[in-house]
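Predicted model, so just to flag it, every value in this text is computed and none were measured.
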Amino acid sequence: MNDFNVIVALLGGATLFLGLGSRWLARTPFPPTLIALLLGILAGPQVFGLIDLEATDQRGDIMEKAAPLTLGIGLMGVASVKSPQ
């Protein structure tokens, strides 16, 4: 499987997890960004090794494709937040 596909699948899974568990996360003292950071650390080369950009020759290409994708997801998340009434 392509490394970029693994990154997209993990990012989508983390977004889905955080979205579906938002009510539960609102009751915990942990912000969603901390949980996303922990998921990233777990997926990294030091723990489970699902994403290891140093081991591939496509590091620049993957980062170039992943950066706009991450920015787009972040902007959509900010745009979808409802203002309190």
Side-chain angles (χ1 to χ4, degrees):
M1 182 184 278
N2 186 322
D3 287 330
F4 182 69
N5 292 338
V6 172
I7 292 171
V8 170
L10 290 173
L11 184 61
T15 305
L16 183 64
F17 169 74
L18 293 173
L20 291 176
S22 63
R23 286 189 184 206
W24 176 77
L25 286 172
R27 294 182 297 218
T28 66
F30 306 112
T33 51
L34 178 64
I35 295 176
L37 175 67
L38 292 175
L39 289 173
I41 290 171
L42 289 175
Q46 300 298 328
V47 181
F48 291 123
L50 297 174
I51 300 173
D52 188 7
L53 296 179
E54 297 296 326
T56 66
D57 295 333
Q58 307 171 352
R59 180 176 183 201
D61 294 335
I62 291 172
M63 295 300 287
E64 187 177 326
K65 292 175 185 175
L69 180 66
T70 306
L71 179 63
I73 290 172
L75 289 175
M76 293 301 293
V78 169
S80 67
V81 174
K82 295 181 182 178
S83 61
Q85 297 180 2

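Of all non-hydrogen atoms in Phe17 and Ile35, the two that sit nearest each other are CE2-CG2, 3.9 Å. Taking both residues in full, the closest heavy atoms of Ile41 and Val47 are given as O-CG2, 3.6 Å, listed atom of the first, atom of the second, then distance.
Judged as a side-chain contact (heavy atoms from CB on, under 4.5 Å), and not counting sequence neighbours, Pro29 has no contacts.
Proximity of Leu38 to Phe30: side-chain heavy atoms (C-beta onward) are nowhere separated by under 4.5 Å.
Trp24 and Leu39 fall within the same hydrophobic cluster, where Ile, Leu, Val, Met, Phe, Trp and Tyr residues are linked whenever their side-chain heavy atoms come under 4.5 Å apart, directly or through other members.
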